[in-house]
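Written below as structure tokens is the structure these notes are about.
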Protein chains: 2
Amino acid sequence: MSSKEHKKHKLFMVDDHPVFRRGIRQLLQFAPEIELVGEAASCDEALAGISVTRPDLVLLDLRLHKNSGHEILRLIRPQWPEIKVVILTVSDAEEDLTEALRDGATGYLLKDMEPEELLEGVRHALKGEIILSQRLRSTLGRVLNGTGRDDPEKKNVLSRRECEIVAAVAQGKTNKMIAQLLGITEETVKVHMKRILRRTKLKNRVELAVWVNDQSRLAPATRAIP
Amino acid sequence: MSSKEHKKHKLFMVDDHPVFRRGIRQLLQFAPEIELVGEAASCDEALAGISVTRPDLVLLDLRLHKNSGHEILRLIRPQWPEIKVVILTVSDAEEDLTEALRDGATGYLLKDMEPEELLEGVRHALKGEIILSQRLRSTLGRVLNGTGRDDPEKKNVLSRRECEIVAAVAQGKTNKMIAQLLGITEETVKVHMKRILRRTKLKNRVELAVWVNDQSRLAPATRAIP
DNA sequence: GGGCATATACCTCGAAAGAGGTAATCCATG
DNA sequence: CATGGATTACCTCTTTCGAGGTATATGCCC
């Protein structure tokens with residue numbers, strides 16, 4: 001490697017469309033300060049590649065063949081919190097956006113944007129800024145105001161009671177202990193837990209605990225747990 | 001409150017010896033920049049008091065009547081990571097020291113130290129430094145070198161295999177998934193898990209997950225999970 | 001070679017977790 | 001007032017965890 005430039009930014013791309021990847025590769029030729037250190041089309045490939053190449057930034061498609069990009073994002077964040085992850089997808093669904101931001105994405109770009117804008121976005125992201133496709137600004141406004149308009153089961157805000165339970169889970173407490181702590185039945189705690197897991201789209205209490213601890217550290221002002 | 005000084009440092013004391021507490025109160029009169037915002041003699045009192053007063057620093061005795069100070073420390077860290085916790089105890093046991101440092105204590109002082117030194121220690125701790133009683137320096141050396149000399153069941157280093165498992169747990173994986181991932185039996189994973197929990201003195205996988213995620217964030221260079 | 005730690009596997013057993021469903025109460029908002 | 005969310009509780013059922021125990025093979029250090 002030539003040691004001429006200070007240090008190239010390392011970029012990793014996860015997308016299951018070979019043609020799209022080719023497009024990005026092409027595009028990156030106009031960004032000499034960015035080096036593409038790896039590509040992946042699946043979750044496994046992505047994690048393997050990322051663990052080896054340790055990129056500065058990951059361009060991540062949400063819809064892959066097997067797993068979803070959200071999963072990958074949730075796997076990357078805890079392991080390598082310093083890696084920036086920018087979502088690059090076709091989905092302008094409010095749900096995907098909120099989930100990605102909640103999971104700690106550095107940016108959310110739509111695939112139909114102009115190549116130049118995309119490059120600009122990546123450059124800003126590398127500087128640590130949070131970037132967002134223009135078309136999503138209005139959506140974000142709604143999200144930040146907590147005025148999600150869609151079906152209740154997908155709200156991104158937890159109720160007071162749920163927050164108390166989440167806090168307890170994040171300390172490793174069992175359902176029984178939480179019940180005792182809050183003066184309710186263990187069965188009721190389970191009910192809450194089930195709803196919490198469905199809403200947060202997390203699989204079990206361990207993921208929940210890790211997620212909360214991430215949240216409270218990385219974005220105390222934005223976290224969903226007041 | 002008089003708004004004369006910039007802002008007093010808030011200190012919270014947890015110790016079940018009223019007389020010792022009185023001694024500290026006395027001592028703090030010589031530290032006008034430090035304000036004692038609360039005291040507690042038990043775990044419950046401590047957590048309640050801390051959650052209300054939000055001190056900058058907690059002076060924590062390890063041996064309390066009911067719970068141990070270690071427990072309190074483990075409860076404080078995840079909830080209020082910004083609060084500094086300085087252990088103040090009679091125990092010069094290597095085990096207590098390592099456990100406290102592992103759990104994120106800012107300092108570890110012995111109760112037999114000179115009051116002036118104690119005050120100095122607290123002042124340094126408030127500035128974010130890690131403080132340690134002189135008498136423990138040698139012990140710490142041994143600890144950091146991983147040359148713990150005591151019984152094997154209490155070693156503070158995890159084996160390679162155990163680390164792999166811990167990493168997986170920290171991502172919310174179930175034993176079955178880990179088994180598949182590592183190509184071993186779920187039963188074997190369980191065996192490892194049991195040993196890991198015994199060694200780390202953690203109660204369940206949730207605590208383990210949170211602990212690991214704390215470690216990797218707060219002290220990437222010192223963490224027990226290589 | 002004799003310990004000792006590690007890693008593997010299998011066994012039982014009880015506790016904990018999570019998914020389902022039903023249902024009652026309270027409270028806010030339309 | 002009606003609808004719907006939040007909170008509470010109880011039911012069943014399956015899966016997962018974690019604590020015991022036993023056992024074998026490997027490799028390392030004294």
Side-chain angles (χ1 to χ4, degrees), chain A residues 145-211 224-226, chain B residues 145-211 224-226:
Chain A
N145 285 329
T147 13
R149 49 98 203 79
D150 45 12
D151 83 290
E153 206 58 33
K154 284 164 187 162
K155 283 210 313 187
N156 48 351
V157 186
L158 296 178
S159 71
R160 212 163 310 137
R161 203 45 151 178
E162 286 167 341
C163 288
E164 292 176 342
I165 288 173
V166 168
V169 170
Q171 289 168 25
K173 290 198 176 16
T174 65
N175 288 341
K176 194 185 288 184
M177 293 164 74
I178 300 174
Q180 200 180 357
L181 191 70
L182 299 183
I184 57 180
T185 311
E186 184 185 349
E187 294 304 315
T188 304
V189 177
K190 283 187 174 184
V191 174
H192 286 303
M193 273 301 299
K194 281 181 274 192
R195 199 130 37 115
I196 291 170
L197 290 180
R198 234 181 309 164
R199 286 200 180 161
T200 55
K201 289 200 179 48
L202 299 170
K203 287 193 206 65
N204 54 47
R205 56 177 49 221
V206 180
E207 284 195 357
L208 182 62
V210 171
W211 175 66
I225 312 296
Chain B
N145 283 329
T147 11
R149 47 99 204 75
D150 45 10
D151 83 292
E153 206 57 32
K154 285 167 187 162
K155 282 210 312 188
N156 47 352
V157 186
L158 296 178
S159 72
R160 213 162 310 137
R161 204 46 153 176
E162 287 167 340
C163 287
E164 293 176 342
I165 288 173
V166 168
V169 169
Q171 288 168 25
K173 290 198 176 13
T174 66
N175 287 342
K176 194 186 288 183
M177 294 164 74
I178 299 174
Q180 200 180 357
L181 192 70
L182 299 182
I184 57 180
T185 312
E186 183 185 348
E187 296 303 315
T188 304
V189 177
K190 282 186 174 185
V191 174
H192 287 303
M193 273 300 300
K194 280 180 275 192
R195 198 133 36 116
I196 292 169
L197 289 181
R198 233 180 312 163
R199 285 200 181 160
T200 55
K201 289 199 179 47
L202 299 171
K203 288 192 206 66
N204 53 49
R205 54 178 48 221
V206 179
E207 284 194 358
L208 182 63
V210 171
W211 175 66
I225 312 295

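Computed from a predicted model, the values in this text were never measured in an experiment. Proteins get letters first, then strands, A, B, ... in listed order; numbering begins at 1 in each.
- Of all nucleotides listed (D/dT7, D/dG18, C/dA17), D/dT7 comes nearest to the side chain of A/Arg161.
- Considering only heavy atoms from C-beta on, A/Met177 comes within 4.5 Å of A/Thr174 through its side chain.
- The phosphate of D/dA6 has OP1 or OP2 within less than 4.0 Å of a side-chain N or O from A/Arg199.
- Side-chain contact check for B/Gln171 versus A/Glu207: every heavy-atom pair is 4.5 Å or farther apart.
- Comparing C/dA17, D/dT7, C/dT6 by their closest approach to the side chain of A/Asn175 singles out C/dA17.
- Nearest approach of A/Val206 to B/Val169, heavy atoms of both residues: CG1-O, 3.3 Å.
- If you measure from atom CZ of B/Arg195 to atom P of D/dA19, you get 13 Å, rounded to the nearest angstrom.
- What separates CD of B/Glu162 from P of C/dT8 is a distance of 10 Å, to the nearest Å.
- Between B/Arg160 and C/dA5, a side-chain N or O to OP1/OP2 separation shorter than 4.0 Å is absent.
- Atoms CZ (A/Arg205) and P (C/dA17) sit 4 Å apart, rounded to a whole Å.
- Inter-residue side-chain proximity for B/His192 and B/Ile178 is flagged as unmet; no heavy-atom pair is nearer than 4.5 Å.
- A/Ile165 places its CD1 atom 14 Å from the C1' atom of C/dG18, with the value rounded to the nearest Å.
- Side-chain contact check for B/Glu162 versus B/Met193: every heavy-atom pair is 4.5 Å or farther apart.
- Among residue pairs with one or both ends in residues 175-190 of chain B, those qualifying as side chain to side chain donor-acceptor pair (under 3.5 Å) are B/Asn175-B/Arg205; sequence neighbours excluded.
- Within a heavy-atom distance below 4.0 Å of DNA chain D, the residues of residues 177-194 of chain B found are B/Lys190, B/Met193, B/Lys194.
- The salt bridge (charged side-chain N to carboxylate O under 4.0 Å, His left out) test applied to B/Lys194 returns no partner, not counting sequence neighbours.
- Here C/dA17 presents its C1' atom at 10 Å from CG of A/Leu197, a figure rounded to the nearest Å.
- Applying the 4.0 Å criterion to OP1 and OP2 of C/dA16, one finds that A/Lys176 has a side-chain N or O inside that range.
- Residue A/Arg198 contributes atom CZ, which lies 18 Å from atom P of C/dA17 at whole-angstrom precision.
- Between A/Ile196 atom CD1 and C/dG18 atom P there is a gap of 11 Å when expressed in whole angstrom units.
- A salt bridge (charged side-chain N to carboxylate O under 4.0 Å, His left out) check over residues 163-174 of chain B, counting only residues at least two apart or in different chains, returns the pairs B/Arg161-B/Glu164.
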Q: For side chain to side chain contact (heavy atoms under 4.5 Å, CB included), just list the numbers for A/Val189 and A/Leu182, CA-CA rounded to whole Å, side-chain angles, deciding distance to a tenth of an Å, and then say yes or no.
A: CA-CA 9 Å; A/Val189 177; A/Leu182 299 183; 5.6 Å; no

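- One end of the helix from C/dG1-D/dC30 to C/dG30-D/dC1 points its axis 50° away from the other end's axis, with each axis taken from 5 pairs and the angle rounded to 10°.
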